[in-house]
Amino acid sequence: MERSMGDKVLQSEQPGLEMGQKQNASWHNQPSSPHLPKTQEWLRKHRRRLASRLAMGLISSQSRYALRRDLELQFAPRPAKIPITVRPLCADDLDLLMPQDDLSRSFDEQQEIAWRRSFANTVGSGGYVAIDGRDGRPCYVQWLLGASQNDLIRRLGGFPRLDEDTALLENAYTPPSHRGLGIMSAAMALIAERAAAFGARYVLTFVGTDNVPSLKGCQRAGFEVHLVQRRLRMGYGLIDVRLYRKGGVSDAPK
């Protein structure tokens with residue numbers, strides 16, 4: 001999940017303007033090229049890709065759980081500490097959940113937001129949000145994909161091809177303002193149930209084996225360990241191998 005450093009460079013240039021160097025900044029008042037935003041986004045995207053490749057090194061290994069929920073089994077999710085409902089993602093929701101130019105956030109948080117918004121742009125449809133019942137604002141987002149989107153899932157990388165009766169629930173995000181309220185597990189449970197509308201019985205989600213808080217949140221949403229995935233990437237990611245084995249009770253996070 002590598003992030004762009006472009007925003008940090010722009011920020012570091014600003015103090016020069018505040019120290020009386022405005023005579024060198026006449027360009028600031030000139031109309032910008034209509035192609036500039038697209039060029040900046042292209043540069044950010046390719047910087048993230050390059051950083052991602054370099055971070056992999058000559059060889060890297062990653063282990064994840066594939067957790068699965070059977071929608072035909074009765075399950076009563078634990079409610080969140082605030083009232084929530086879920087609905088499909090709207091165009092304005094991402095700006096409320098993940099503002100792009102919020103300099104009050106740490107650099108790591110800005111990188112995370114850039115990566116998640118890039119995912120949203122790539123995937124397009126399939127997003128769902130949880131709505132805070134107190135003020136009507138979105139407080140959680142996650143994407144639900146079906147077998148009809150297997151070509152997209154293949155391009156995303158890291159996921160198996162879905163059977164016709166299986167859906168994939170991925171890329172959960174809760175903004176800092178709503179963390180610690182039990183929203184993830186409650187919202188996941190509700191969003192997963194939407195998969196029944198396109199004929200899915202099973203819903204998969206993937207979580208790193210060392211991410212204990214998220215693993216426990218998935219369990220509280222009705223998901224159990226189904227597979228264990230080991231991903232080997234060699235030569236800065238040019239060779240990518242995924243190995244799966246059946247999961248069981250002994251693999252469940254303690």
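Basis for what follows: all heavy atoms, side chains included, without hydrogens, waters or symmetry-related copies.
- Contact of the Pro83 side chain with the Arg134 side chain is registered, since non-hydrogen atoms from C-beta on lie closer than 4.5 Å.
- A cation-pi arrangement is absent between Arg116 and Tyr173, since the terminal nitrogen or guanidinium carbon is not both under 6.0 Å from the aromatic centre and inside a 45° cone about the axis.
- A continuous path of Ile, Leu, Val, Met, Phe, Trp and Tyr side chains, each step under 4.5 Å between heavy atoms, connects Leu97 with Phe119, placing both in one hydrophobic cluster.
- Ion pairing of Glu193 with Arg69 is present here, as a side-chain N (NZ or NE/NH1/NH2) and a carboxylate O approach within less than 4.0 Å.
- Shown are Leu181, Ile183, Ile131, Val129; of these, the side chain to side chain contact (heavy atoms under 4.5 Å, CB included) with Cys139 is made only by Ile183.
- Looking at Asp93 and Arg87, a side-chain N of the basic residue comes within less than 4.0 Å of a carboxylate O on the acidic one, giving a salt bridge.
- Remark: Asp210 does not engage Arg64 in a salt bridge, criterion side-chain N to carboxylate O under 4.0 Å.
- Residue Glu109 qualifies as enclosed at atom CD: its count of foreign heavy atoms under 6.0 Å is above 12.
- Criterion: ILVMFWY side-chain heavy atoms under 4.5 Å apart, direct or through other members. Under it, Leu67 and Phe75 are not part of a common hydrophobic cluster.
- Both Leu152 and Val141 are part of a single hydrophobic cluster, where members link through side-chain heavy atoms under 4.5 Å apart.
- In this structure, Phe206 has its ring center under 6.0 Å from that of Phe159.
- Tyr202 and Met188 fall into different hydrophobic clusters, where Ile, Leu, Val, Met, Phe, Trp and Tyr are joined by side-chain heavy atoms under 4.5 Å apart, directly or via other members.
- Residue Asp92 places its CG atom among 12 or fewer non-hydrogen atoms of other residues, nucleotides or ligands, all under 6.0 Å distant.
- Ile84 and Leu96 fall into different hydrophobic clusters, where Ile, Leu, Val, Met, Phe, Trp and Tyr residues are linked whenever their side-chain heavy atoms come under 4.5 Å apart, directly or through other members.
- Remark: the backbone N or O of Glu72 is paired with a side-chain donor or acceptor of Asp70 at under 3.5 angstrom.
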